[in-house]
Number of protein chains: 4
Amino acid sequence: MPKVTLEHRTARHDQIVEAARRCAMDQGFHKTTMADVIRESGLSAGAVYGYFKSKDEIVSAIADQALSTVDELFEGILATKEPLSPLTALTATLEHIVQIAERPGGDITRVALQAWAEAMHNDAIAGIAREKYTHLRSKFIEVARRGQADGTVDPDVDPDHVGQVMFALVPGFLLQRLILGDVTPQTFTAGLTALLK
Amino acid sequence: MPKVTLEHRTARHDQIVEAARRCAMDQGFHKTTMADVIRESGLSAGAVYGYFKSKDEIVSAIADQALSTVDELFEGILATKEPLSPLTALTATLEHIVQIAERPGGDITRVALQAWAEAMHNDAIAGIAREKYTHLRSKFIEVARRGQADGTVDPDVDPDHVGQVMFALVPGFLLQRLILGDVTPQTFTAGLTALLK
Amino acid sequence: MPKVTLEHRTARHDQIVEAARRCAMDQGFHKTTMADVIRESGLSAGAVYGYFKSKDEIVSAIADQALSTVDELFEGILATKEPLSPLTALTATLEHIVQIAERPGGDITRVALQAWAEAMHNDAIAGIAREKYTHLRSKFIEVARRGQADGTVDPDVDPDHVGQVMFALVPGFLLQRLILGDVTPQTFTAGLTALLK
Amino acid sequence: MPKVTLEHRTARHDQIVEAARRCAMDQGFHKTTMADVIRESGLSAGAVYGYFKSKDEIVSAIADQALSTVDELFEGILATKEPLSPLTALTATLEHIVQIAERPGGDITRVALQAWAEAMHNDAIAGIAREKYTHLRSKFIEVARRGQADGTVDPDVDPDHVGQVMFALVPGFLLQRLILGDVTPQTFTAGLTALLK
DNA sequence: AATGAATGAGACTTCATTCAT
DNA sequence: TATGAATGAAGTCTCATTCAT
């Protein structure tokens, strides 16, 4: 019966990652001990090590999740909305980010910050971050291209560069939200409206 | 003997912070051990603890430095240039950031990322980050105000909100530069040119 | 598996306390390092800290033991012997103390002296000492009361005060035995015989 | 001018011992650091080490002082009072102990307890304690002899043994006073009156 | 598969003592 | 002589990981 076992394995796996995420959200990756994860997951040390070879592997899994969540939701947005100006795309993104951040389970964007820092000296996480953010940014590049096709964005500029700027606003918004605490999609959209062509 | 001693103390203090910064740049705050800092500083354990009460205090000192460096240099820019459009201000800022990042001593912006993560669960660093970034952002708000006075920025939008967006581009640029590695002041300025009013 | 585990835990706990007691007997609380206790117990650092949160907790456990041993044995004496004059009670107590002190494991009364000193600036041990010695002294007060009932002790004196004096002879005996080394239950009983009513 | 220098040396020496005594009174010998002594004495590290070769030497000096103080004062009592029953001698001693203990500078009897503990594993202090307490006890033995001469003490008992018992009451009183806090010369004398022949 | 007690390297920090000035 | 910054051995405790049951 491979199905049941697989489901069981997946459930256990997620149980561990969720526990670790909750810990990392409050304490960061480094203050979170394996004992914390074990306690929070309700499993035993041996069980946890049956699913992950090391703490590093768990950290990578949380980082992957934290860096993906924004991505996944963002994709949805871009896929549906048709005539998509940079302003509209950004506004929709920020609103979704806040929705995710305010989920009952805790603010996963805090974990994304941990992942950024970790990527500076952890190759596995650097790889994940590169992959996820390259992908996310490609969506903004796509918006830039559409804008150029629509005539709303200067066609002489490399859409990659336009995408860089649009994408930059996402971590810039996140960071201000977490550290200064006074930005909202509304205030940010207002500022964008004043600045964007 | 106040003069000599004070200079001496300051030199030693800086010697330790510099050593710690080099370590944190390579390894992050948490993988950096006191033994690393002690070895790198060329002092003894006791000497280091004569200048800092704990590792946390050293971390705060590095974080302060990392979050200040951009600030200081940025201030210079804004003070001098007179007719300052958002685009000009941002371009100048990014160029300075890259100048700082490429200094021989190592890229201090990597440490800034560590500080962002640390601010999530370290009140001292959260305080420093809040203070430094509130101040830095206020400069962009000032630029927005000048733009409104000049008629180049929509006067009906709260300049605080415009400042939020301009400021957001700084960490957004930094993060892409460090993680994706393909942004430069030039590419970014090109993208900005296409997007900004 | 509660039974086996509980026994096991108790055995380990005692193994650590015994090891620590042996160390403290030779070196005192402060010269005894955790490394000493770990080596002497035959366990690992982690194992020891699985049973005690800190060195202080181990010290309290040894102090408790050292201050209790006299107490326990003394209670036995008082419970059985019926017509109990102060002289008889004291003689029996001293003989028991020496029996305990000369046990193969080492002289635990040396640890009691450490505990007295420690009680001066360690609230946990001060509390233990207060509790144990209040209890022990209450036995002597009981002897005083019986003496008053029997007509062998002046009924006009507060039995608490009589108990203070009787109890005082115990540490007085211990201290002389350990520092001057020339008192025995026999010499002491002889002196008591000459002095007591 | 050797006199001035000698006075100066003595003053400095005492200054250090007093400082160390104050520290040891509050914290015990082991929690007292050389830094504490240096700060409290108002001298420099080098200066302190000009007078004492090591912390151990300072500890011995404080222990000597603590074990002597009772001794000195006690001698005075015994020298003057002529017809001296054990009860009288003891009462006078306890009153003097409390006088000393309640001096403004702090309760030096707390330091005596430290010295007892230290004597268990410090030969220098064990030697001092032996010497001081042998001497102090000899005074009680002298009282016993006088009692035997006066016919108030049983002449068939070795006066050394009577002295052991009388002397025992001194640490017994001290310990109760410091740990249980409810004995006074008055309560103790009352108890003694009920018990002594 | 699961358990969780045990491991032990290594982290942070202290403090008695020295010595160049 | 006096200073006090510096030394570095040694102390307490943690925690990722393993393995006998």
Side-chain angles (χ1 to χ4, degrees), chain A residues 5 8-9 12 30-39 42-59, chain B residues 1 4-5 8-9 11-13 16 30-39 41-59, chain C residues 1 4-5 8-9 11-13 16 30-39 41-59, chain D residues 5 8-9 12 30-39 42-59:
Chain A
T5 294
H8 182 252
R9 279 200 71 82
R12 283 274 195 261
H30 293 278
K31 278 197 187 165
T32 297
T33 66
M34 286 303 291
D36 290 337
V37 175
I38 288 159
R39 188 189 326 103
L43 298 176
S44 68
V48 170
Y49 275 89
Y51 291 90
F52 293 92
K53 277 212 297 273
S54 66
K55 182 181 175 182
D56 261 16
E57 260 190 14
I58 298 181
V59 168
Chain B
M1 67 205 90
V4 171
T5 291
H8 182 252
R9 277 199 74 79
R12 283 279 196 252
H13 178 103
I16 294 163
H30 293 280
K31 280 196 185 164
T32 297
T33 68
M34 286 304 294
D36 291 337
V37 175
I38 288 158
R39 188 187 327 105
S41 71
L43 297 175
S44 66
V48 170
Y49 276 90
Y51 289 89
F52 293 92
K53 279 212 293 278
S54 65
K55 181 181 172 180
D56 259 19
E57 250 188 23
I58 297 181
V59 167
Chain C
M1 68 208 91
V4 172
T5 292
H8 182 252
R9 278 199 73 80
R12 283 278 196 255
H13 178 103
I16 294 162
H30 293 279
K31 280 196 185 165
T32 296
T33 68
M34 285 306 293
D36 291 336
V37 174
I38 288 158
R39 189 187 326 103
S41 71
L43 297 175
S44 66
V48 170
Y49 277 91
Y51 290 90
F52 293 91
K53 279 212 293 278
S54 65
K55 180 180 173 181
D56 258 19
E57 250 190 21
I58 297 182
V59 167
Chain D
T5 294
H8 182 252
R9 280 199 70 82
R12 282 276 194 258
H30 293 279
K31 278 196 187 166
T32 297
T33 67
M34 287 301 292
D36 290 337
V37 175
I38 287 158
R39 187 188 328 101
L43 298 176
S44 67
V48 170
Y49 275 88
Y51 290 90
F52 293 92
K53 276 213 295 275
S54 67
K55 182 182 174 183
D56 262 15
E57 259 190 14
I58 297 181
V59 167

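The chains referred to below are lettered A, B, ... by the order of the sequence lines, with proteins before strands, and numbering in each begins at 1.
- The CD1-C1' distance, from C/Ile16 to E/dA5, rounds to 12 Å in whole Å.
- Taken from CZ in A/Arg39 to CE in A/Met34, the straight-line distance is 12.0 Å, to the nearest 0.5 Å.
- With rounding to whole Å, A/His8 atom NE2 is found 10 Å from E/dA2 atom C1'.
- One can place CZ of C/Arg39 at 15 Å from P of E/dG8, the figure rounded to the nearest angstrom.
- Partners of D/Ser44 according to the side-chain contact (heavy atoms from CB on, under 4.5 Å) rule, which considers only residues two or more places apart in sequence or in another chain, are D/Ala47.
- The interatomic distance linking B/Lys31 (NZ) with E/dC12 (C1') rounds to 19 Å, in whole Å.
- In this structure, CD1 of D/Ile38 is placed 9 Å from C1' of E/dT17, rounded to the nearest angstrom.
- Residues satisfying the side-chain contact (heavy atoms from CB on, under 4.5 Å) criterion with C/Ala45, sequence neighbours excluded, are C/Ile38.
- As rounded to the nearest Å, E/dA1 and F/dT21 have C1' atoms that lie 13 Å from one another.
- Near DNA chain F, meaning a heavy atom under 4.0 Å away, the residues from residues 45-56 of chain A are A/Ala45, A/Tyr49, A/Ser54, A/Lys55.
- Partners of A/Thr33 under the side-chain contact (heavy atoms from CB on, under 4.5 Å) rule, at least two apart in sequence or in another chain, are A/Ala35, A/Asp36.
- We find that CG of A/Asp36 is positioned 8 Å from P of F/dC15, with the value rounded to whole Å.
- Across the protein-nucleic acid pair, C/Met34 atom CE and F/dT14 atom C1' stand 12 Å apart, rounded to whole Å.
- When each of A/Ser44 and D/Thr33 is assigned the nucleotide of DNA chain E with its nearest heavy atom, A/Ser44 is the one assigned upstream, toward the 5' end.
- Stems are defined here as 3 or more consecutive Watson-Crick or G-U wobble pairs with pairing distances under 3.5 Å; those involving DNA chain E are E:2-21 with F:2-21.
- Every residue two or more places apart in sequence or in another chain that forms a side-chain contact (heavy atoms from CB on, under 4.5 Å) with D/Phe52 is listed here: D/His13, D/Ile16, D/Val17, D/Glu57, D/Ile58, D/Ala61.
- Contact check, B/Arg12 against F/dA6: a side-chain N or O comes under 4.0 Å of OP1 or OP2.
- Phosphate proximity of E/dC15 to C/His30: absent, as no side-chain N or O sits under 4.0 Å from OP1 or OP2.
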